[in-house]
Structures are given as structure tokens and as C-alpha cells.
Engineer: 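Sending over a structure as C-alpha cells; questions will come in a sec.
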Amino acid sequence: MGMQGASHIVWDWNGTLFHDNDAIIGATNAAFAELGLEPITLEQYRALYCVPVPKFYERLMGRLPTDAEWLVMDETFHRYYAEHRVRCGLTDGVEELLVDWAVGGRSQSILSMYGHEELVPLVRGFGIEAHFIRVDGRTGPSGGSKAEHMVRHLAALASVDPSRTVVIGDAADDAVAARHVGAKAVLYTGGSHGRASLEEAGVPVVDSLGEAVALAEEIAA
């Protein structure tokens, strides 16, 4: 565990540590194709994406998907993503950032809305698991917010002070989750959201994970 009261980062996985934009947009379009919808570009995705995910589909369809449509789209998305994530890798510079953050007893963890059973072996496979005091993926149904998951995540980290914790992620929902537990957030433009939508969250927005960590060091001191 990290040192009592030391600065802590909660990392997001998809679109943050793991650069999987190509797999995400491909899986989204595969899900759309199941309902006969036109494919979208990465730029459209980054402009419109939101959680809960059915609201994202509403922005594109003009209505919420029915329960049956949601099940089909969700299953298709996850099946396609699992097939294509193997071509994706860590965001440039991640391993060095993880090592550097640990200097002086600072700690870090992962909280992702990707399924826990899939997430853990994926993190392990990149050889970076030892950098984290906890790795949590989503349990339960997909499509919701990260906020309640964040409550459970920090509750499991007895040595971590939420007021000295910074959530680094690529989605406005990461800022919502941080605020929900009294933590701070820095949002990264390289994943699921464009800068304009991230800035609406009212927290710092950066274009690289190096900048995100530098800011985290300042605001969690």
C-alpha cells in the first residue's frame, strides 16, 4: 500500500492508459450496424460520447434504444472490442510515468468501466500490474456512471486520502466520479472526448498524460 496520506492517482484505463480508440470506434460502428445505423467517425464519437451510454445512442438515433436494442448493441460492442483490442497498446510514455510517480511513496490504482474479469489479465499482460495498489474493473451491468464504482474503489484503499487523490481520465464522467468522492480530476484529450466537451466538466484539461501527471503532482500536494 502507499504511504498514509501520500498523493494518489486513480487512472482510467480505456482511452487513457490504454490507447484503444480504433477498437472503440470499430466496436461502436459494429453495434450501430446491428440496427441498420450509419457508421460514425472518431471525431463524431468524441463530440457526442457521454454516459450513461444509452444517452450517447440517443444523441445519434434521435431516441433511446429499446431494452432489446440495447442488449443487442451492447453484446455486439463487447464482442467486437474483444476481438480488436489485441491490436492496441499502451499510450506513449505510460510505463515511464508510472515508474516516476511511485518515487517518494506516492501510490496509484486503476478504476475502469471495462469488465473486471477482462481488465485484470489485460493490465497484467502489459507487465505494469505491479505499479498499482489496486486494479478494479466494472462489476455488474455496463453502461452506467463511474461514480458509485469510485466510492467502492477508494473505500478499499485504506491508506488513500480522497483529498490528495487525482483521477486522470479521458471522459467527463471521470470528473463526475472524482467530485462524488471529494477527489480532484485532470482530463486527457487523447481518448473518448474532444477538448470542448471535456472543458464543460470544469476541471483541468490537458493534451498529454505527462501534463496530466505534472498537474496531479501540483494539486494533490
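Quantities reported herein were computed from a predicted structural model and do not represent experimental measurements.
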Engineer: Mind checking what makes ring-ring contact (aromatic ring centres under 6.0 Å, His included) contact with His131, not counting sequence neighbours?
Structural biologist: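 Not a single residue meets the ring-ring contact (aromatic ring centres under 6.0 Å, His included) criterion with His131.
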Engineer: Under the ring-ring contact (aromatic ring centres under 6.0 Å, His included) rule, collect the residues that match up with Trp101, sequence neighbours excluded.
Structural biologist: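 Applying ring-ring contact (aromatic ring centres under 6.0 Å, His included) to Trp101 gives none.
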Engineer: At what distance, to the nearest 0.5 angstrom, does CD1 of Ile110 lie from CD1 of Ile133?
Structural biologist: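 It is 11.5 Å, given to the nearest 0.5 Å.
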Engineer: How long is the span from the CZ atom in Arg179 to the NZ atom in Lys184, to the nearest 0.5 Å?
Structural biologist: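 Going from CZ on Arg179 over to NZ on Lys184, the span is 12.5 Å.
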Engineer: If you measure from CD on Gln108 to CZ on Arg134, what distance do you get to the nearest 0.5 Å?
Structural biologist: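 Taking CD in Gln108 and CZ in Arg134, the distance rounds to 15.5 Å.
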Engineer: Taking all non-hydrogen atoms of both residues, which atom of Ser145 and which atom of Asp173 are closest, and how far apart?
Structural biologist: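 For Ser145 versus Asp173, the nearest heavy atoms are OG-OD1, 2.8 Å.
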Engineer: Would you check if Trp13 and Val135 make a side-chain contact, meaning some heavy-atom pair closer than 4.5 Å?
Structural biologist: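 In short, these two side chains do not touch, never coming nearer than 4.5 Å.
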Engineer: Is the closest basic N to carboxylate O distance between Asp136 and Arg152 below 4.0 Å?
Structural biologist: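 A salt bridge is absent here (no side-chain N lies under 4.0 Å from a carboxylate O).
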Engineer: Report the C-alpha separation of Glu118 and Arg85 in whole Å, then their side-chain angles, then the decisive distance to 0.1 Å, and conclude whether the side-chain contact (heavy atoms from CB on, under 4.5 Å) test is met.
Structural biologist: CA-CA 11 Å; Glu118 293 79 26; Arg85 74 180 188 196; 3.8 Å; yes
Engineer: State, with a plain yes or no, whether a side-chain heavy atom of Leu60 is found less than 4.5 Å away from one of Ile40.
Structural biologist: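 Yes, close enough: below the 4.5 Å cut-off.
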Engineer: So which heavy atom on Thr76 is nearest to which on Val72, and how close?
Structural biologist: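 Answer, listing the atom of Thr76 first, then Val72: OG1-O, 2.8 Å.
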Engineer: Just checking, is any N or O donor in the side chain of His8 or Ser107 under 3.5 Å from an acceptor N or O on the other one?
Structural biologist: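 Side-chain D/A pair, His8 to Ser107: present.
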Engineer: Using the benzene-type ring in the case of Trp, are the ring centres of Tyr114 and Phe18 under 6.0 Å apart?
Structural biologist: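 Between Tyr114 and Phe18, the centre distance exceeds or equals 6.0 Å.
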Engineer: Are Ile9 and Val160 grouped together when hydrophobic residues (ILVMFWY) are joined by side-chain heavy atoms under 4.5 angstrom apart?
Structural biologist: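 The answer is no; the residues belong to distinct hydrophobic clusters.
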Engineer: What I'd like to find out is whether the side chain of Val151 reaches to under 4.5 Å of the side chain of His180, using heavy atoms alone.
Structural biologist: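 Sidechains of His180 and Val151: in contact.
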Engineer: Can you tell me how far apart CG (Leu97) and OG (Ser208) are? Round to the nearest 0.5 Å.
Structural biologist: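 That separation rounds to 8.0 Å.
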Engineer: Please determine whether side-chain contact (heavy atoms from CB on, under 4.5 Å) holds for the pair Tyr188 and Leu17, giving the CA-CA distance in whole Å, both sets of side-chain angles, and the decisive distance to 0.1 Å.
Structural biologist: CA-CA 10 Å; Tyr188 162 62; Leu17 292 176; over 6 Å; no
Engineer: Go through the structure and list residues passing ring-ring contact (aromatic ring centres under 6.0 Å, His included) with His193, not counting sequence neighbours.
Structural biologist: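 Scan of His193 (ring-ring contact (aromatic ring centres under 6.0 Å, His included), adjacent residues dropped) gives Tyr49.
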Engineer: Quick one, Leu119 with Arg138, criterion side-chain contact (heavy atoms from CB on, under 4.5 Å). Give me CA distance, side-chain angles, the key distance, then yes/no.
Structural biologist: CA-CA 9 Å; Leu119 173 68; Arg138 171 186 48 79; over 6 Å; no
Engineer: Checking ring pair (Phe, Tyr, Trp, His ring centres under 6.0 Å) against Phe32, which of Tyr80, Tyr57, Phe77 comes through?
Structural biologist: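 Testing Phe32 for a ring pair (Phe, Tyr, Trp, His ring centres under 6.0 Å) against Tyr80, Tyr57, Phe77 leaves exactly one candidate, Tyr57.
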Engineer: Would you say the side-chain atoms of Asp12 pair up with the backbone N or O of Ile168, donor to acceptor, closer than 3.5 Å?
Structural biologist: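 No: the side chain of Asp12 does not pair with the backbone of Ile168.
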Engineer: Considering non-hydrogen atoms only, spot the tightest contact between Leu35 and Met61 and give its length.
Structural biologist: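 Smallest heavy-atom distance, with atoms named: CD1-CE, 4.1 Å.
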Engineer: State, without any angle test, whether Tyr81 and Asp20 hold a side-chain donor-acceptor pair at a distance under 3.5 Å.
Structural biologist: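 Result is yes, a qualifying pair exists.
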Engineer: Can you find a heavy atom in the side chain of Trp70 that is under 4.5 Å from one in the side chain of Val53?
Structural biologist: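 Result yes, sub-4.5 Å side-chain heavy-atom pair found.
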Engineer: Around atom NE2 of His19, are there more than 12 heavy atoms of other residues, nucleotides or ligands at under 6.0 Å?
Structural biologist: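 Check fails, neighbour count at 12 or below.
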Engineer: Hey, does Ile24 have a side-chain heavy atom less than 4.5 Å from the side chain of Ser192?
Structural biologist: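 In short, these two side chains do not touch, never coming nearer than 4.5 Å.
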Engineer: Taking all atoms of both residues into account, what is the closest heavy-atom pair of Ala201 and Ala175, and its distance?
Structural biologist: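 Nearest heavy atoms, Ala201 then Ala175: CB-CB, 3.9 Å.
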Engineer: Just so I know, are the side chains of Val166 and Ser7 near enough to count as touching, which here means a heavy-atom distance under 4.5 Å?
Structural biologist: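 A side-chain contact under 4.5 Å is absent here.
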Engineer: Is there a side-chain contact between Thr16 and Thr91, using heavy atoms and a 4.5 Å cut-off?
Structural biologist: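 No - every pair of side-chain heavy atoms lies 4.5 Å or more apart.
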Engineer: More than 12 heavy atoms of other residues, nucleotides or ligands under 6.0 Å from CD of Gln44: is that the case?
Structural biologist: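 Yes, the 6.0 Å shell around CD holds more than 12 heavy atoms from other groups.
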Engineer: By the rule that ILVMFWY residues connect when side-chain heavy atoms come within less than 4.5 angstrom, directly or transitively, which residues belong alongside Val205?
Structural biologist: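 Reading the cluster by chain and number, Val205 sits alongside Leu187, Leu198, Val203.
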Engineer: Nearest 0.5 Å, what's the NZ-CG distance between Lys146 and Asp174?
Structural biologist: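 Between atom NZ of Lys146 and atom CG of Asp174 there are 4.0 Å.
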Engineer: Can you list every side chain to side chain donor-acceptor pair (under 3.5 Å) pair that touches residues 29-39, not counting sequence neighbours?
Structural biologist: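 Non-adjacent pairs meeting side chain to side chain donor-acceptor pair (under 3.5 Å): zero.
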Engineer: Could you state the interatomic distance from CG (Asn14) to CG (Asp170), rounded to the nearest 0.5 Å?
Structural biologist: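 The distance works out to 8.0 Å.
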Engineer: Would you check if Arg87 and Asp22 make a side-chain contact, meaning some heavy-atom pair closer than 4.5 Å?
Structural biologist: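 No - every pair of side-chain heavy atoms lies 4.5 Å or more apart.
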Engineer: Leu48 and Leu37: same hydrophobic cluster, using ILVMFWY side-chain contacts below 4.5 Å?
Structural biologist: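 Yes, Leu48 connects to Leu37 through the hydrophobic network.
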Engineer: When you group the ILVMFWY residues by side-chain heavy-atom contacts below 4.5 Å and let the links chain together, are Val51 and Val181 in the same group?
Structural biologist: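 No, Val181 does not connect to Val51 through the hydrophobic network.
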Engineer: For atom CG of Asp92, decide whether the heavy atoms of other residues, nucleotides or ligands shown that lie under 6.0 angstrom number more than 12.
Structural biologist: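 No, CG of Asp92 has 12 or fewer neighbouring heavy atoms, counting only those of other groups under 6.0 Å.
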Engineer: Same cluster for Val206 and Ile219 if Ile/Leu/Val/Met/Phe/Trp/Tyr side chains link at under 4.5 Å?
Structural biologist: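 Result: yes, single cluster for both.
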Engineer: Taking Leu111 as the starting point, is it possible to reach Val213 by hopping between hydrophobic residues whose side chains are less than 4.5 Å apart?
Structural biologist: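 Unlinked, Val213 and Leu111 end up in two clusters.
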Engineer: Which atom pair, heavy atoms only, marks the closest approach of Leu64 to Glu58?
Structural biologist: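 Answer, listing the atom of Leu64 first, then Glu58: N-CG, 3.7 Å.
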Engineer: Which residue pairs pass the salt bridge (Lys or Arg N to Asp or Glu O under 4.0 Å) test with at least one member in residues 204-221, sequence neighbours excluded?
Structural biologist: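 Listed once each, the pairs are Arg106-Glu217, Arg195-Asp207.
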Engineer: Do you know which two heavy atoms are closest between Arg164 and Ala221, and how far apart they sit?
Structural biologist: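 It is NH2-C, 3.5 Å.
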Engineer: Under a 4.0 Å threshold between the charged nitrogen and the carboxylate oxygen, would Arg46 count as salt-bridged to Glu43?
Structural biologist: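 Between Arg46 and Glu43 there is no salt bridge, as every charged N stays at least 4.0 Å from the carboxylate O atoms.
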